[in-house]
Amino acid sequence: MILRTPPPKKQRSEPMHHESPSPLVAAEGPLIIYEDSPLVAPPPESSHQPSDHLLCTYQCRQMVKADVLDALSNAEKQISDYQSKLEALSESLSKAEAERKKFKDQFLYAEQELAAAKGREQMLHDQLLKEVNDSQERFKKHLETNNELKGKLQNEMNLRKKAESSASSAEEKAADLEGKLTQFSQSMEREKKRLHNELAQLKGESKLSVSRISADLERMEFRANNAEKESELLKEQLEDLKKQLNECLNQKNEVEKKFSSFTFQEVTSSESSILIKHLQEELRNYESEVREARKLKSSHEDIELLKAKLLEEKGRRERAESELSKLQEQHISLNNLENELSLWKVIMKDIPDVSCPEDIPVKFATLQKEVIESTIKIGEVNARLKQIEVGLDAAELAKQNAEADAALVKEKAEVLKSEFKRTEHMLSLVTEERDKLRNVINESRSHKNEVADGTVVQELESSLAKKESCIKELERNLHEHKEINDRQHNEIKLLHDRLNNEARRIKSLERESDRLRSEISLLESKLGHGDYSAANTKVLRMVNTLAVDNEAKQTIEALQTELQKTKEKLQALEELKSQSGETGKLVDSYISEKIMKLKEQIATLEKREERYKTVFADRISVFRRACCELFGYKIVMDEHQRPNGIPVTHFTLQSIYAQNDDEKLEFEYESGNTNILANNYTAQPEISHQVDIFVRKLNSIPAFTANLTVESFNRRTLS
Amino acid sequence: MASRSVAKDIITLRGSAAIVSEFFGYAANSILYNRGVYPEESFAKVKKYGLPMLLTQDEGVKSFISNLTAQLSEWLEAGKLQRVVLVIMSKASNEVLERWNFSIETDGEVVEKGVSREKSDKEIMREIQAIMRQIASSITYLPCIDEPCKTKTSKLTPYFAQMFDFYEVSRPDTVSATFGHGSKRHRLPQQDVSLSHSHLMLFTGVFDVLAYTDTDVAVPFTWIESDPKLIANPQMVKLHSFDTKIHKVDTLVSYKNDEWDEQ
C-alpha cells in the first residue's frame, strides 16, 4: 500500500506535540491534533481505513498540508524561539554558574580569612597566655627572691643580734676589766702615796732630830743670852743704883751746900745726922731692893729653865704620840695592802690567761682589739644589713611594679579575652551565615532557577559584605583600643613623672620656705637686736652734754661743799687763834717749860745710852776674856745678812794653843742652828777627821772644840 | 567711706624728714616720761597727733633733743639715716637696760630725683598716734628701771604711779585707774595713788641716742663713733610702724630680761 502521508513527519510532530502541548491546543483546533495523535496512535487503525482517506479530497489534503506546514513553521519558529530562549537560559545559567563560582571563591576567601583571623586570635591568645605565664613566672621568681631575701634578712638579723649580744658581752667584760684596772691603778697609787708618806715621815723624823739638836743649841744660846741679859740687867740696876747714889750724893751735897750757904747758924748737927741717917736708910733700902731683885732674877731664870724643860718634854711626848699613831696607821695600811694583794691575786685568778700583773695590760690590749674587731664586724654587719634592706626595698618596689604589671597584664588579658569572645561570637555568627549560604547555594544548585539564584546571590553578597564590614569594624576597634591603651599608658606615665617632679619641687619649695622663714626670723632678731653690717653702716652717738653737765654740776657742788667746810674750819681756827691770843703768855710759858723738860729728858736718855754702851763694851770684853780663858778659844763675832735677807752671825774661833794664825775655826749661827764652815785649817786630814767624828756623826761641836784644845795643848806642851 | 576718698596731700622729701624728726622728738620725750628717766614734774602737756603729749621743760634736755632732731632731719633729707636708737642705761653699772629702735627705710628714688609722693596727712597722724599709744602702754610689760626692786609693792608703785599719771593726763574722766602686770589687774583707789606718788622711784638711769648712718656720712663735731650698745639675749616687742611714702619708720623695743620675772 502506498501511504499518502509520510510517516517521519508524523514522528516529528510527535515530539513537538509532546514538548509544547499547550500552545498547539491554542493554535490548531483539536481536530488536527486529535487526528494526528490518533493518527500516530492508531496508525495501524488507519491502515484499516486507507480507502476512507483516499476518499478525502485533495483539498483536504492540501489544507491539511498547509495546516501542517503552517504548524510546522510555527513549530519551527517556536522551536527557534525555544532554542534562543534555551541559549539565553543556558547563557544565564553559565553566568549564574560563573557567579556562583565567584561567590564560592569569595566564600572560600572569606572562610580563609576567617581561618586566618582565627589563627591570629589563637596566636594572640597564645601570646597572651605566654605573657601571662611569663608574668606569673616573673612574679613567682620575684616572690621566691623576696622569700630568699627575707630569709637572708632574718639570718642577717639573727647574726646581727648575736653580734650585738657578743659585742655587749665583750663590752661588759671590757668594762669589768677596766674597772678592775682602775682598782689596780688606784691601789698602786695608794701604795705609792703610802711609800711617799713613809719617806716624808722619815724625812720628818730626821728633821726632828736635826731640830732637836738645833733646839739644844738654841737652849745653850738662850742661856748665854739670858746670862748676857742678866748681866745687862744687873748692870742697869747697878747703874740705876749708882745714879740714885749719885743723885743722893748730889742732893746731899746740895743740901749740905744749902745748909752751909743758907744757915750754918740755924742748922744743928742733929738735922744733918738725921739727913745722913735718912740717906743711909735709903741706901740700905736700895741695897735690899737690889738683893731682892737679884733673887727674883734667879728665881725667874729657874722658872724659865723649868719651862723650857717642860716644853721639851711636851714636844717629846707629842712626837712619841704622833709616832705611835703613825705606827698604827702603818699597821692599818699594811693590813690594807695585804688585803688588796689578796684581792689582786683572787682577781688575777679570775681573769683568764693572766698569771702576773704584767699580763694584765697585754690581756686588756687583746680584749680592746677584740672589742674593736667586734665593733668593726658590727659595722660591717650593719652595712650589709643596710644593703640588704636597700635590696629589699628595691625588691619590694620591683614586686609592686610586677604586681602592677601583672594587674595590667591581667586587665589586658581580660580585655583580650572579652575581645576573643566577641570574635568567637562573630565567628559563630559568620559560620552560621556561611552554613546558611551553603544551604542556599545547595538549594540553588538543586533547583537551577535563575531568578532564585539571583536573589540568593544577592543575599550572599550582602551577607559577605556585612561580614567584611564587621570584620573591618572589629579590626578598626582593635586598633583603636590598642591606640587608646597605648596613649593612656603614655599619659599615665607622663602624669606619674610629672607628679613625682611636682612632689619634689613642692618638697624643695617647702624646705626653702622653712629656710627663708628661719632666715627671716634670724634677721628680724638681729634687726631688733641692733646688729648692723660695718660695710655700709656706722653708729654715731651724740655727745651727751646732759650727763657731762650733770657730772660737772655734781663736781662743782662737791667742791663747793668742801669749800664751805674749809671756810668753816678756817673760821674756827681763827676764832681759836683769837681766843688763844688772849691767854698767850701763860700758854707760851707752859709750852716752853714742857719743851725744856722734854729736851732735858732727851739729853739724860742719850747720856744713859752712851753710858750703857760703854758699860756693855767693858762687860762684854770682860766676858770675852773670861770665855777665852775658861774654854781656850778667842771668839770673834760678826753679823751680816745673807742675800735672802736672813741675818747670820759669823763666829771665828782661835785656840790659845794654836801654833799659827791660820788655825782658825769658822762657825755660822743662824736662828738656833750652828754650822761649821770649811776652810784651809779644817781641810787638813786630822782636823777633818775630827770634824767628821764629832760634828757630823756625834753632832757635838763642844766635844770637837774640847778635843781640839786638848790636842793642841798636848802638842804645845810636847813641843 | 568718705575718709578714704579724701584728697591726698603732697609730701616732699623735706616735709617727710620734718615729720619723722618731729615724731622722734615727741617719741623721745614720751619715752623719757613713761620710763621715768626724768621726774614727771619736769614735763608739760601739749597737744600733738590728737593726743596729750608730754614735753620736758628741762633746758638741757630740751636743747639736746632739739639739736638731735635738727641733725636727724638733715640726715633724713640726705637719705643717709638708717636707724635711730634711744638707749636707756643704768647709771650705777652703765649696763644697757632698754633699746628703743626706730628703723628707717628711705625711698631712694625720691632722694635721687626729688619727686614727691601723695599721702593723707591724717592717715600719717593716725599711724603716729597708734605708735605713741603703744609707747605709753609699754610700761605694762617693760621691767622697772629703778634699782633695787626687792619687794613687790615697791615694784608695783612705779607702775601704777606712771600709769595713773598717764590716765590722769589723757583721760581725766577715768579716774579709777587699772594697772596690770602680767595677768593680775587691780583697781587702784585714789588714796593709794597719792601714796604711790610719794613713793616715786629714784631713777638711777641715763639715756643716750645712737644713729645708724651710711659710712660716707661726715661725723658732726657733736657726734662721735660709738659701739651699738647691744643687749645680750633681749626680749623684743615689735610696735606699729608709720609710712610717709618717702620714709617708713618701724618701731621695736628690746629690753633686758628682768631677773625678778625670771625667778
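Keep in mind that the numbers below use all heavy atoms, side chains included, and drop hydrogens, waters and symmetry copies.
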side-chain contact (heavy atoms from CB on, under 4.5 Å) between A/Leu540 and B/Glu225, worked out: CA-CA 4 Å; A/Leu540 299 172; B/Glu225 287 212 28; 3.8 Å; yes
By a 4.5 Å heavy-atom criterion (distance strictly below it), what part of B/Asn67 contacts chain A: side chain, backbone, both, or neither? both
What part of B/Val217 is in contact with chain A, defined as an atom under 4.5 angstrom from a non-hydrogen atom: side chain, backbone, both or neither? both
Please check if the number of heavy atoms outside A/Arg190 that lie under 6.0 Å from its CZ is greater than 12. yes
Does any N or O in the side chain of A/Lys538 come within less than 3.5 Å of the main-chain N or O of B/Thr215, such that one atom is a donor and the other an acceptor? yes
Counting only heavy atoms not in A/Lys377, do more than 12 fall under 6.0 Å of its NZ? no
What part of B/Trp100 gets closer than 4.5 Å to chain A, counting heavy atoms only: side chain, backbone, both or neither? neither
Selection residues 166-191 of chain A - residue pairs positive for ring pair (Phe, Tyr, Trp, His ring centres under 6.0 Å), sequence neighbours left out: A/Phe184-A/Trp344
So does A/Met542 get a backbone contact from the side chain of B/Gln71, meaning a donor-acceptor N/O pair under 3.5 Å? no
